[in-house]
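Down below is the structure, laid out as structure tokens.
Atoms considered below: every heavy atom in the structure, side chains included; atoms not considered: hydrogens, waters and symmetry mates.
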Amino acid sequence: MSHSRASHATTVTTAERASQRFINVAHASAAGIDVHLKLLVVAMQFHRGNQIITEVREFGTSYSQLEAFAQWIAEKNPEIVIMESTGVLWHSPYEALERHGFASQRLALVNARDVKAAMGRKTDREDAIRLAEYGRIGRFKRSFIPPKVFRQMRTIERLYQKGKADCARKSNRYQKLLNACGCRASTVFSDVANGKAARLILDAFVHQDPNFRSIVEKTCKSLAATADEIIDALCFAVPPAYMEQLCEERMQLDTLNSYCARTLERLKELQTPYEAFVNVLCTIPGIKETSARLILAELSDDLELYFRDGEHFASWLGLCPGNHLSAGKSYSSKTPKGNKALRRVLTECAHGIALSRKGALFERFQALKLRRGSRRAIVAIAHKLALIIYSCLTSGECYVEHETTVLRDACRTRLAKYAS
């Protein structure tokens, strides 16, 4: 008898839960899209009476198929469209839906890690249906999708960052090949690959210019090393094959540098209507024009529309402490995943502040370095920069620095601790 009552109670609870799920929905209809390279799997869910109807269709990713996909979605007219994708494959279906009148409030892109299915329970059809269910009940976390012009800026800006990384790798290979020849160029030049004086002298050396000594004597006036020291560091018997390879490496490095310069010019053209934001960012310590353009390309002209406050913005970047709490015990945790491209720029700006040796942010860095070490201090300054950027872009006001006693207070606390 007790078992029967327990079963009845369970049944009632299940019915109550089912009715509650049916009533407490965020959207009456939703579309879930599982995006692949050649395939779009779309699941549409909507209410019909007391039933939930699910329709599933598949489309290709060619232009005509994308238009048919967007037309079908528009005919069904769901309240929310939620899609899951890796990489940049979401761009074309997202823009196809935008062309058919879907505003950003009705489109949601989610991270794959937030909606991942259990192993052994995953098919494209089930993924699309699960996305539609998440959209209908409102159980999803939107990714930050800026307007189309900023998406174009972001693509070009990330290609620029990749190009600069390629330049750094090519510069290291060029210097390594010189070392393999016996030439210790780094002992007499501060910048072997890109320095003006180093470039003139090394080009004359590689092309075996007969006036090599006179070129060195004329060019070395701006260098710390003397002409005799430079000649002594370079004049080795280099095999002809190495000479030819040095010329090839130099040509490739020049090509990469010109590619980065042209890419940055395209970014500047796209950002012409937003020069006011660039000028505001340039007032922040550690941020110069190029860094300001890279930062703006990853964001939007209306951050308040996407982020409630600066702390949420820093969390999206991945520049905040992570949480690792289990059984009431807090464990050490690293910073969470975030926007890698923008986090890289802000970290580089924080390194620049650490080397500037002046200003309130430098004093804050020194105070943090005393307690937590230089690496944690760099991340903390990058976090502070994120908060400043959010405040400046949302208010439209330039950064104004105020005097601080944080370093003096930290030194006093440290001295008092060791004195006692």
Side-chain angles (χ1 to χ4, degrees), residues 160-265 285-291 294 344-345 347-359 361-362 365-366 369 373-375 377-378 381:
Y160 173 80
Q161 287 205 46
K162 294 289 185 183
K164 294 301 288 184
D166 291 339
C167 287
R169 283 191 287 268
K170 182 58 68 175
S171 299
N172 291 336
R173 294 192 193 106
Y174 181 67
Q175 184 170 333
K176 188 174 182 180
L177 183 57
L178 282 170
N179 291 337
C181 301
C183 303
R184 299 297 188 264
S186 58
T187 62
V188 290
F189 302 128
S190 59
D191 190 350
V192 175
N194 300 310
K196 292 183 179 179
R199 170 72 183 272
L200 292 172
I201 293 172
L202 288 174
D203 282 353
F205 170 72
V206 169
H207 293 95
Q208 297 180 339
D209 194 311
N211 300 320
F212 175 66
R213 185 174 188 88
S214 62
I215 292 173
V216 173
E217 291 175 349
K218 189 183 300 183
T219 311
C220 72
K221 296 178 182 179
S222 60
L223 301 175
T226 64
D228 291 335
E229 289 173 342
I230 294 172
I231 293 172
D232 191 43
L234 296 181
C235 282
F236 284 82
V238 181
Y242 277 17
M243 282 293 191
E244 294 176 3
Q245 191 62 37
L246 283 169
C247 292
E248 290 288 340
E249 296 293 328
R250 183 74 252 180
M251 289 173 56
Q252 287 192 14
L253 184 56
D254 292 341
T255 301
L256 284 172
N257 284 325
S258 61
Y259 162 79
C260 291
R262 293 194 302 271
T263 304
L264 186 60
E265 286 300 319
I287 298 179
K288 304 301 181 185
E289 182 187 356
T290 301
S291 298
L294 299 182
R344 185 185 304 116
V345 175
T347 305
E348 290 178 358
C349 294
H351 277 285
I353 290 171
L355 295 173
S356 66
R357 311 194 72 80
K358 61 180 181 179
L361 289 177
F362 171 72
F365 166 77
Q366 288 294 104
K369 182 180 175 182
S374 59
R375 296 180 65 181
I378 287 292
I381 293 301

Given side chain to side chain contact (heavy atoms under 4.5 Å, CB included), test Q161 with V345 step by step and report yes or no. CA-CA 9 Å; Q161 287 205 46; V345 175; 3.4 Å; yes
Worked verdict on I230 versus F189 for side chain to side chain contact (heavy atoms under 4.5 Å, CB included): CA-CA 9 Å; I230 294 172; F189 302 128; 3.9 Å; yes
From [X] [atom1] over to [Y] [atom2], what is the distance, rounded to the nearest 0.5 angstrom?
| X | Y | atom1 | atom2 | value |
| --- | --- | --- | --- | --- |
| T255 | R250 | OG1 | CZ | 10.0 Å |
| N211 | E217 | CG | CD | 11.0 Å |
| K218 | L200 | NZ | CG | 10.5 Å |
| E348 | L294 | CD | CG | 8.5 Å |
| K358 | I353 | NZ | CD1 | 11.5 Å |
| N172 | R169 | CG | CZ | 9.5 Å |

Provide the closest heavy-atom pair for [X] versus [Y] in the form atom of the first, atom of the second, distance.
| X | Y | value |
| --- | --- | --- |
| I381 | L361 | CD1-O, 3.6 Å |
| M243 | V238 | CE-CB, 3.6 Å |
| Y259 | G163 | CE2-CA, 4.2 Å |
| C181 | Y242 | SG-CD2, 3.2 Å |

Let's go through R199 and D203 carefully: what are the C-alpha distance in whole Å and the side-chain angles of both, what is the deciding distance for salt bridge (charged side-chain N to carboxylate O under 4.0 Å, His left out) to 0.1 Å, and is it a yes or a no? CA-CA 6 Å; R199 170 72 183 272; D203 282 353; 2.7 Å; yes
Any residue meeting side-chain contact (heavy atoms from CB on, under 4.5 Å) with [X], in chain and number order, not counting sequence neighbours:
| X | value |
| --- | --- |
| I231 | F212, R213, V216, C235 |
| S190 | none |
| E249 | K170, R173, Y174, L177, Q245 |

Taking C-beta and beyond as the side chain, do [X] and [Y] meet within less than 4.5 Å on heavy atoms?
| X | Y | value |
| --- | --- | --- |
| N257 | C167 | yes |
| F365 | R357 | no |
| S356 | F362 | yes |

How far apart are the C-alpha atoms of V192 and S171, what are their side-chain angles, what is the distance that settles it, and do they pass the side chain to side chain contact (heavy atoms under 4.5 Å, CB included) test? CA-CA 8 Å; V192 175; S171 299; over 6 Å; no
Can you check whether N179's main-chain N or O pairs, donor with acceptor, with R184's side chain at less than 3.5 Å? yes
For L234 and L178: C-alpha separation, side-chain torsions, deciding distance, then whether side chain to side chain contact (heavy atoms under 4.5 Å, CB included) applies. CA-CA 9 Å; L234 296 181; L178 282 170; 5.8 Å; no
